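Report on the structure given below.
Treat the numbers as computed from the prediction; the structure is a model and nothing was measured.
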Amino acid sequence: MHIDAIRKFIADHPHVKSEHLTTSQCNRTIVKSESAGTGKPYIGKYESLKASDGKPMVALATVFVSHAWQYPFFDVVVDVMEQHAKHHPDAYFRFDLFTNDQNEVASKDFDWFCTTFRDGVRNIGKVLLALSPWNDPIPVKRAWCLFEIANAIDDPDVVFSIGLPSTQTKDLVSTIVGNNECLIQALTDIQAQKAQAKVETDRDMIFDVIRKSGGGFPHVNEQVKNGLRSWYVEQLLGLVETSNDSQLLLSVAKIMHPFGQYQEGMKCAQRCLQFTDAGSEYLIDLYNTLATLYNDTDQLDQALEYHNKSIALKLQMLGDQKPDVAISFIYNNTANVLSAKGELPKALDYYEQALAIRLRDLGENHPYTADSYNNLASLYGAKDDNDKALEYYKKSLSIRLNTVGENHPAVASSYYNIARMLRHKGEFDTALDYYSKSLTIRLTTVGENHPDVATTYNNMGDLHRNKREFEKALDCHKKALELRLKSPEDNESEVAGSYNNIANVYNEQDDFGSALEYYNKSLAIMVSKYGENRLDVADTYENIAVAYLAMQLLDKAMEYENKALHIRHGILGPRHEMVGKAVYIMNIIQEAQAEAIQNLSL
């Protein structure tokens with residue numbers, strides 16, 4: 001039905017708006033009584049009418065509207081459809097209140113509803129979800145809504161979109177300015193298995209369908225969260241596209257970080273810089289946010305530049321006062337960058353200053369203190385003091401479990417970091433357990449498209465390879481590659497790493513043809529991005545050479561090992577052990593060539 005049909009319904013029944021009737025109340029008091037005895041759904045009242053643009057009020061649907069029946073009809077559902085029609089004036093809505101015969105649906109069985117919903121979604125090809133409230137959406141708590149959402153998101157041919165009522169958009173903006181973690185919490189709270197239905201048997205049958213589908217409830221939860229997460233990002237970026245509100249821009253920049261949208265976050269932060277007064281306290285937070293985003297994208301010099309600006313401005317503002325908790329954040333983040341640059345003594349000094357401030361002002365059992373222990377652990381790991389690193393990582397984990405609970409990205413990071421240390425200590429089975437815990441939380445909280453999820457799969461693949469569980473290793477590495485290929489322009493190095501890791505597994509399986517295919521894919525990216533004169537390029541040349549050697553393609557083997565030797569000799573000098581390794585392999589190839597020639601002469 002055309003949006004004008006919805007408008008006519010409201011005009012004919014003004015109390016729907018004034019009394020804030022729900023969709024369910026509209027059905028009971030208007031739709032059922034006015035369509036009784038007609039044998040038709042309510043939409044039949046508009047079949048002969050024309051819209052204001054001359055088009056028929058009733059035509060083939062282009063949008064399937066998913067909604068909760070307890071929503072105020074005008075304030076939520078109509079608002080969302082009006083917004084959609086403003087941008088899509090040719091839209092025709094399939095809205096079940098009007099398109100189903102409400103006097104007959106009570107006699108329909110579960111299979112009828114199931115088929116009607118599924119076929120409606122598939123045939124129309126576009127679903128509009130009326131979502132409210134934004135931080136605790138009712139549709140994901142209603143079994144039938146959840147069924148529609150899951151069908152829409154799971155079908156690659158269906159476009160899934162979300163509409164938020166105008167009042168909720170305002171509330172979203174005002175909330176994120178004061179609490180940039182609120183969206184993570186909203187996603188964390190989504191649990192499809194807690195959804196309800198008016199008819200309990202419907203709920204049970206829907207749950208049975210979900211359990212029997214691929215992935216069950218975890219898959220549905222993840223798909224719903226991915227859809228909402230993408231929508232949150234789209235909405236927030238749309239809100240700030242032309243905004244000069246520095247607080248809003250800064251808040252959105254911060255939110256883009258946990259969602260893995262680093263480039264978008266950086267754009268918001270850079271625009272915020274234009275509208276923030278010099279000397280403003282917000283400038284410290286902005287510098288720190290920019291530095292964090294530069295760090296996330298491996299632009300360490302720029303990150304350090306902004307951290308140093310932040311420290312200088314904060315110390316200027318403190319004057320003769322003692323350093324406070326606020327500056328401990330800057331010290332921590334500065335140390336992170338220094339550690340990544342290999343300047344470990346300087347990093348240790350900043351980490352210890354941050355920890356001392358937090359212990360003094362916040363005490364041991366505080367999330368920020370846990371962050372300090374985590375960062376110190378990371379530094380000790382970089383110094384190969386794995387026991388000390390493990391001790392501090394476990395301290396951090398204990399505090400985080402006590403303060404933020406199990407299902408939080410920070411806890412996922414703790415599990416991940418402990419897994420890395422256990423792997424270094426050779427405790428592969430325990431390390432895999434910790435990686436699995438980390439992965440489960442990350443899929444729940446930040447979603448599978450976050451870079452950390454691909455990294456976790458990658459590291460699990462390495463562990464399975466260490467354990468000689470090659471099929472499991474390939475599964476993990478290919479999953480990491482699949483996720484990284486969704487944004488190849490942002491993950492070129494990581495994609496090359498995944499190709500290389502897959503090649504390594506094939507190599508250990510003696511599948512040298514597959515190994516060569518993936519080594520060459522990795523090599524092409526590295527040479528294109530960085531040029532040929534790099535040690536990791538030399539390593540890949542050597543891997544290719546060894547594969548050719550195993551296949552007895554000796555001339556090819558010599559060609560690639562010679563390339564590896566040339567690069568290493570130029571970078572490391574003639575006496576380095578890696579140069580010696582290349583010479584050693586070339587000698588093996590020469591011996592094989594000599595033996596092959598001798599065999600031919602016989």
Side-chain angles (χ1 to χ4, degrees), residues 1 22-24 26-28 31-32 35 39-44 58 60-71 73 76-77 80-81 92-131 137-163 190-228:
M1 57 197 305
T22 65
T23 304
S24 183
C26 288
N27 183 40
R28 288 197 307 270
V31 172
K32 291 180 77 170
S35 61
K40 291 183 176 182
Y42 194 84
I43 196 173
V58 178
L60 196 64
T62 61
V63 184
F64 185 104
V65 180
S66 180
H67 64 103
W69 280 63
Q70 63 264 52
Y71 277 154
F73 178 64
V76 175
V77 185
V80 167
M81 286 194 281
Y92 279 86
F93 301 99
R94 185 195 183 284
F95 182 57
D96 55 359
L97 174 67
F98 297 143
T99 55
N100 292 339
D101 185 348
Q102 298 302 327
N103 291 293
E104 293 292 329
V105 292
S107 64
K108 305 296 184 183
D109 61 13
F110 173 80
D111 288 338
W112 181 87
F113 279 104
C114 207
T115 302
T116 299
F117 286 146
R118 186 182 288 117
D119 289 351
V121 167
R122 185 178 296 122
N123 293 336
I124 294 170
K126 185 171 186 177
V127 171
L128 173 64
L129 171 65
L131 187 81
I138 291 174
V140 297
K141 296 181 178 180
R142 305 305 301 170
W144 279 114
C145 290
L146 198 64
F147 183 79
E148 294 168 11
I149 295 168
N151 273 283
I153 295 176
D154 248 355
D155 192 328
D157 296 324
V158 173
V159 177
F160 177 71
S161 61
I162 297 175
I190 291 172
Q191 297 182 57
Q193 57 270 41
K194 292 186 178 180
Q196 299 296 317
K198 184 177 179 181
V199 180
E200 190 170 342
T201 53
D202 284 356
R203 174 185 178 275
D204 293 341
M205 286 188 281
I206 290 170
F207 279 19
D208 189 53
V209 170
I210 291 174
R211 289 189 187 99
K212 290 177 180 176
S213 67
F217 279 109
H219 175 69
V220 170
N221 283 331
E222 181 56 27
Q223 292 295 80
V224 171
K225 288 176 186 179
N226 280 340
L228 292 176

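When side chains are defined from C-beta on, V105 counts as touching W112, because their heavy atoms get closer than 4.5 Å.
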Would you mind writing out the side-chain donor-acceptor pairs for residues 62-69 within the sub-3.5 Å range, not counting sequence neighbours?
{"residue": "T62", "atom": "OG1", "partner": "Y92", "partner atom": "N", "Å": "2.9"}
{"residue": "T62", "atom": "OG1", "partner": "Y92", "partner atom": "O", "Å": "3.3"}
{"residue": "S66", "atom": "OG", "partner": "E148", "partner atom": "OE1", "Å": "2.6"}
{"residue": "H67", "atom": "NE2", "partner": "D96", "partner atom": "OD1", "Å": "2.7"}

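Between the side chain of S161 and the backbone N or O of L129 there is no donor-acceptor pair closer than 3.5 Å.
When all heavy atoms are compared, the tightest approach of L128 to G163 is CD1-N, 3.8 Å. Heavy atoms only, all atoms of each residue included: T22 and Q70 are closest at CG2-O, 3.3 Å. Across all non-hydrogen atoms, the minimal contact from I138 to Y71 is CD1-CE2, 3.7 Å. When all heavy atoms are compared, the tightest approach of V121 to V158 is O-CG2, 3.7 Å. Minimum heavy-atom separation, P139 to C145: O-CB, 3.2 Å. Across all non-hydrogen atoms, the minimal contact from R203 to A143 is CA-CB, 4.3 Å.
Atoms OG1 and CZ, on T23 and F98 in that order, are 8.5 Å from each other to the nearest 0.5 Å. Interatomic distance, CD of E104 versus NZ of K32, reported as 10.0 Å (0.5 Å rounding). Annotation: the span from L60 atom CG to I124 atom CD1 amounts to 7.5 Å, rounded to 0.5 Å. The distance from atom CG of D157 to atom CG of N123, rounded to the nearest 0.5 Å, is 11.5 Å. Atom NZ of K108 is separated from atom CG of D101 by 8.0 Å, given to the nearest 0.5 angstrom.
For an aromatic pair to be called close, the ring centres must be under 6.0 Å apart, and Y42 with F95 fails this.
Residues meeting the side-chain hydrogen bond (donor to acceptor under 3.5 Å, both in side chains) test with S35, sequence neighbours left out: N103.
A tilted orientation is assigned to the rings of F113 and F117, their planes being inclined by 30° to 60°.
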